[in-house]
*Asks:* 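Got a structure here, written out as structure tokens. Questions coming.
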Amino acid sequence: MYTPASAANGCRNYKLKTMMIKRIPGLLFFCCTLLQAQNPNIDFSMLNFSNWNVYTGPRASCCTQPGQVNANNFTVISTVSNDFNACQQIPRIPPGVTQTGRLGATGGGGYGNPSAKKMSYTITPDPARPILLYEIATVLNASHGGTNNGIFRARLTDTSGVPVFSGTCGQYEMYKDGPYGNLLGACGSVAYLPWNAIAVDLTPFMGQTLRLEMEALDCYTGDHGSYAYTYATTRAPTDTVYFCKNAASTVITAPPRFRNYSWNTGESTQNKTVNQPADGDQFSCTLGSFNGCSATITYILKEIEMQAAFSYMPGGCSQVLFTDGSSGGQSTVSSWSWNFGDPASGVANQSADMHPAHIFSDTGTFNVTLIVQNAAGCSDTLTQAVQVASESLAAFNVTSALCENSAVTFDNTSGGNPVLFSWNFGDPASGNANQAQTEDAVHTYTQSGSYTVTLITQNAAGCSDTAVQTIDILPGLTASFSPVQSTCSGYPLSFSGTFSGTVAQVVWDFGDGSALQQGSTVTHSYVSPGNYTISLSAVSAAGCSSVYTAPILVWQGAEAAFEASPQTAFLSSPLISFSNHSQFADTWYWNFGDGTTSGSENPQHSYSAEGIYPVMLVASGDSGCIDTAWAEVQVIDIEVPNIFSPNNDGKNDVFFINKPGIPAALMQIRNRWGQLLFESEDLLSGWDGSMQGGEAPGGTYFYVLRLSDSAGKQIFLNGHLTLVR
């Protein structure tokens with residue numbers, strides 16, 4: 001049978017063919033599962049007309065207008081029922097199918113206005129599924145003569161509309177008095193064709209594009225409807241038929257609703273019985289349809305061999321746990337029948353579980369039988385001798401370091417499905433903590449030494465067992481450091497760990513998200529204020545560990561900063577202003593480097609002597625956090641000569657200022673009447689006593705010096721000088 005269905009994930013681009021299983025005594029047949037993806041929704045599995053083109057138009061020229069999918073034109077049928085107009089003789093969905101498409105409506109068009117409907121599907125031949133199989137059932141008006149009645153047409157063409165098969169296989173027309181009228185049943189004024197299957201092999205058309213077209217024409221007067229149900233799919237040219245090993249016969253069932261069947265062995269029925277089937281046998285059947293189309297399907301026989309298998313293990317006392325290991329061949333194991341060979345156990349001697357547990361009534365050897373059956377009805381039997389003995393099942397492992405003052409973990413590994421547990425850790429000094437009733441257990445030993453640990457287990461049958469181990473608890477490791485109650489952000493702190501033994505690894509975590517540090521001695525500065533926890537973790541070579549933690553309060557640290565303006569000043573104008581840019585501070589201490597101090601926030605200071613002075617600012621906040629900033633200022637003294645003799649004797653021939661590096665300087669020389677005789681920005685080059693190309697006479701002259709300090713402030717110095725000739 002061929003059953004269209006949507007994929008389990010809701011996608012409908014694939015067509016799932018369900019497995020059909022047919023069983024009769026001694027034989028078996030079921031078809032393989034197939035997927036259809038090359039031509040999606042050709043079978044209406046999406047429950048719509050996706051990938052189908054639909055058209056409507058007048059009967060005389062069907063059909064060019066795009067059609068509308070609705071109950072009057074095109075609709076998908078997914079509810080099982082029989083057609084009323086055909087006297088309930090046609091199921092709207094044939095057996096084995098889950099939905100069909102209906103072309104046309106159960107009622108006709110307006111009187112004198114006959115209509116027609118058409119639908120077409122563009123087929124891409126699939127090399128893996130080259131056989132196109134489609135089925136139709138028609139309901140035609142038969143109240144008039146000849147072609148005035150309802151008409152159904154079908155054709156398989158190329159993209160140019162030319163039929164790809166000759167004769168009626170490529171296209172045909174059906175109506176009451178037509179060439180296929182003898183196939184129609186009658187129901188009053190309705191002629192109907194029950195479901196008929198048509199199959200063609202599209203192998204010669206690989207790489208081409210084909211169209212499957214169907215038309216339904218109302219009767220000529222237009223008041224009687226004609227319509228058709230249809231279903232299509234593609235399939236592989238081969239099927240695998242599975243049969244049970246040693247089966248006397250099996251039955252191959254070809255697809256239903258074809259007009260004739262022709263097997264290569266001479267049979268002409270849908271079903272073929274194969275006696276003494278053998279793995280690999282092949283049989284072919286040619287499917288013939290009423291319109292002359294045909295296709296051949298080859299069936300390959302495949303033997304299914306069931307293999308019963310099981311293993312077992314003790315479950316405690318006389319309990320045995322059985323594990324099925326059977327295989328179902330091409331199917332899955334669907335049922336199990338156990339007989340434990342222990343009739344004294346009463347009804348418990350049998351089980352239908354996949355993996356049963358059985359408590360034997362005694363120890364010794366028992367013949368246990370397992371019969372398995374798969375979904376196809378194939379079965380196999382296995383009998384094994386099982387030795388039953390009372391075994392010790394209690395067991396446990398120690399899965400952590402055995403260290404003083406560290407939690408020791410005990411993992412239960414007992415067999416036999418125990419349900420009760422009783423631990424004794426051999427440490428009576430621990431009081432009530434010396435015992436536990438949990439499956440796994442944890443105990444902390446406060447003293448090093450040897451301890452005897454006991455575990456007693458009991459299963460549901462009341463069977464108990466005891467496991468004993470001696471463990472050695474090593475001296476523990478103790479880690480610590482000197483805590484710091486508080487500090488300031490930005491202050492570096494040094495920490496040194498103290499350990500009671502030799503450590504293999506030391507890790508510091510300062511609790512502020514910074515990277516972990518390793519080593520016994522570390523340094524750390526906190527960036528932000530807040531409450532933090534410092535954690536020191538240490539591990540010894542034996543695996544013993546210790547963690548020591550301490551809180552620390554981090555205050556907001558002061559951040560000292562200032563600017564001096566000017567940074568370079570002249571002794572004639574020695575006032576320097578200091579701009580305080582400190583943050584998180586409310587107290588300031590200034591040392592100006594000349595023995596004077598200040599507590600102002602933004603002080604000014606005048607220096608009394610030339611020199612370079614280191615200035616220090618100490619800023620402090622409410623929490624007592626302090627910070628220091630340094631800067632240098634310079635005070636320059638300008639010495640101006642008051643006499644020179646430009647007589648070229650190499651002594652005092654030029655009037656100049658011997659102070660290199662003074663920025664933005666200007667020197668002017670004027671006579672007593674204010675006349676400008678000399679001007680220069682280079683104080684070192686000076687005036688040689690010349691004027692207007694000649695020599696200035698001896699006498700008194702006046703100088704003006706314009707200087708700029710490092711802050712850009714201008715200072716003017718003036719005085720007189722004597723020129724001696």
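These values consider heavy atoms only, across backbone and side chains, with no hydrogens, waters or symmetry-generated copies. Residues take their numbers from the sequence shown, with the count starting at 1. Please read all numbers here as calculations on a predicted model, not as lab measurements.
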*Asks:* Could you report the tightest heavy-atom contact between G519 and W508, atom names first, then the distance?
*Replies:* O-NE1, 2.7 Å
*Asks:* In terms of the angle between their ring planes, are F495 and F510 parallel, tilted or perpendicular, with boundaries placed at 30° and 60°?
*Replies:* tilted
*Asks:* Tell me if a side-chain donor or acceptor on H443 pairs with a main-chain N or O of V408 at a distance below 3.5 Å.
*Replies:* no
*Asks:* Under a 3.5 Å cutoff, is there a donor and acceptor pairing between the side chains of T383 and T369?
*Replies:* yes
*Asks:* With a 4.5 Å heavy-atom cut-off, do F322 and V386 have their side chains touching?
*Replies:* yes
*Asks:* Keeping W338 on the side-chain end and V368 on the backbone end, is there a donor-acceptor pair under 3.5 Å?
*Replies:* no
*Asks:* So, the side chain of Y491 versus the backbone of V554: is there a donor-acceptor pair under 3.5 Å, distance only?
*Replies:* no
*Asks:* So H524 and Y526, would you call those rings parallel, tilted or perpendicular, with 30° and 60° as cut-offs?
*Replies:* perpendicular
*Asks:* Give a yes-or-no answer on whether the side chains of S81 and R92 include a donor-acceptor pair shorter than 3.5 Å.
*Replies:* yes
*Asks:* Rounded to the nearest 0.5 Å, what separates atom NE2 in H358 from atom CG in N339?
*Replies:* 9.0 Å
*Asks:* What I'd like to find out is whether the side chain of P40 reaches to under 4.5 Å of the side chain of M46, using heavy atoms alone.
*Replies:* yes
*Asks:* Indicate yes or no for a side-chain donor-acceptor contact from D126 to the backbone of P130 under 3.5 Å, with no hydrogens or angles considered.
*Replies:* no
*Asks:* Got a second to check how far L474's CG is from S448's OG, nearest 0.5 Å?
*Replies:* 8.0 Å
*Asks:* Look only at the side chain of E404 and the backbone of G476, and say whether a donor-acceptor pair between them is shorter than 3.5 Å.
*Replies:* yes
*Asks:* Quick check on the 6.0 Å ring-centre criterion: do W263 and Y299 meet it?
*Replies:* yes
*Asks:* According to the interplanar angle, ranging from 0 to 90°, do the rings of Y445 and Y451 count as parallel (below 30°), tilted (30 to 60°) or perpendicular (above 60°)?
*Replies:* tilted
*Asks:* Any side-chain heavy atom of S379 sitting closer than 4.5 Å to one from M306?
*Replies:* no
*Asks:* Just by modelled atom types, is the T523 backbone N or O under 3.5 Å from a matching donor or acceptor in the Q517 side chain?
*Replies:* yes
*Asks:* With side chains defined as the heavy atoms from C-beta onward, is the minimum distance between L132 and I42 less than 4.5 Å?
*Replies:* yes
*Asks:* CG of L301 to CG of D239: how many Å apart, nearest 0.5 Å?
*Replies:* 11.5 Å
*Asks:* Can you confirm whether L133 sits close enough to P255 that some side-chain heavy atom of one is under 4.5 Å from a side-chain heavy atom of the other?
*Replies:* yes
*Asks:* So, does S422 use its side chain to make a donor-acceptor pair with the main chain of I456 at under 3.5 Å?
*Replies:* no
*Asks:* Is I359 close to S345 at the side-chain level, that is, under 4.5 Å between some pair of heavy atoms?
*Replies:* no
*Asks:* Enter the distance from T413:OG1 to N397:CG here, rounded to the nearest 0.5 Å.
*Replies:* 4.5 Å
*Asks:* Just checking, any donor-acceptor pair under 3.5 angstrom between side chains of E267 and T265?
*Replies:* yes
*Asks:* Could you tell me if T233 and D43 have a donor-acceptor pair between their side chains, going purely by distance under 3.5 Å?
*Replies:* no
*Asks:* Quick check: does any side chain N or O of Q270 sit under 3.5 Å from a backbone N or O of A254, one acting as donor and the other as acceptor?
*Replies:* yes
*Asks:* Under the salt bridge (Lys or Arg N to Asp or Glu O under 4.0 Å) rule, collect the residues that match up with E439, sequence neighbours excluded.
*Replies:* none
*Asks:* Is the Y548-F481 ring centre distance short of 6.0 angstrom?
*Replies:* yes
*Asks:* Rounded to the nearest 0.5 Å, how far apart are CH2 of W423 and CG of L455?
*Replies:* 4.5 Å
*Asks:* Quick one: are V539 and L477 in side-chain contact, heavy atoms under 4.5 Å?
*Replies:* no
*Asks:* Please confirm whether the backbone N or O of D342 pairs with a side-chain atom of N349, one donor and one acceptor, at under 3.5 Å?
*Replies:* yes
*Asks:* Please report the closest heavy-atom contact between V372 and D324, naming both atoms and the distance.
*Replies:* CG1-OD1, 4.2 Å
*Asks:* Just by distance, do the side chain of Q282 and the backbone of T298 share a donor-acceptor pair under 3.5 Å?
*Replies:* no
*Asks:* Between atom CG of D380 and atom CG of N374, what is the distance when rounded to the nearest 0.5 Å?
*Replies:* 10.5 Å
*Asks:* Run the ring-centre check on W195 versus Y231 and record whether the distance is less than 6.0 Å.
*Replies:* no
*Asks:* Please verify the inter-ring angle class for Y312 with F310; under 30° counts as parallel, over 60° as perpendicular, anything in between as tilted.
*Replies:* tilted
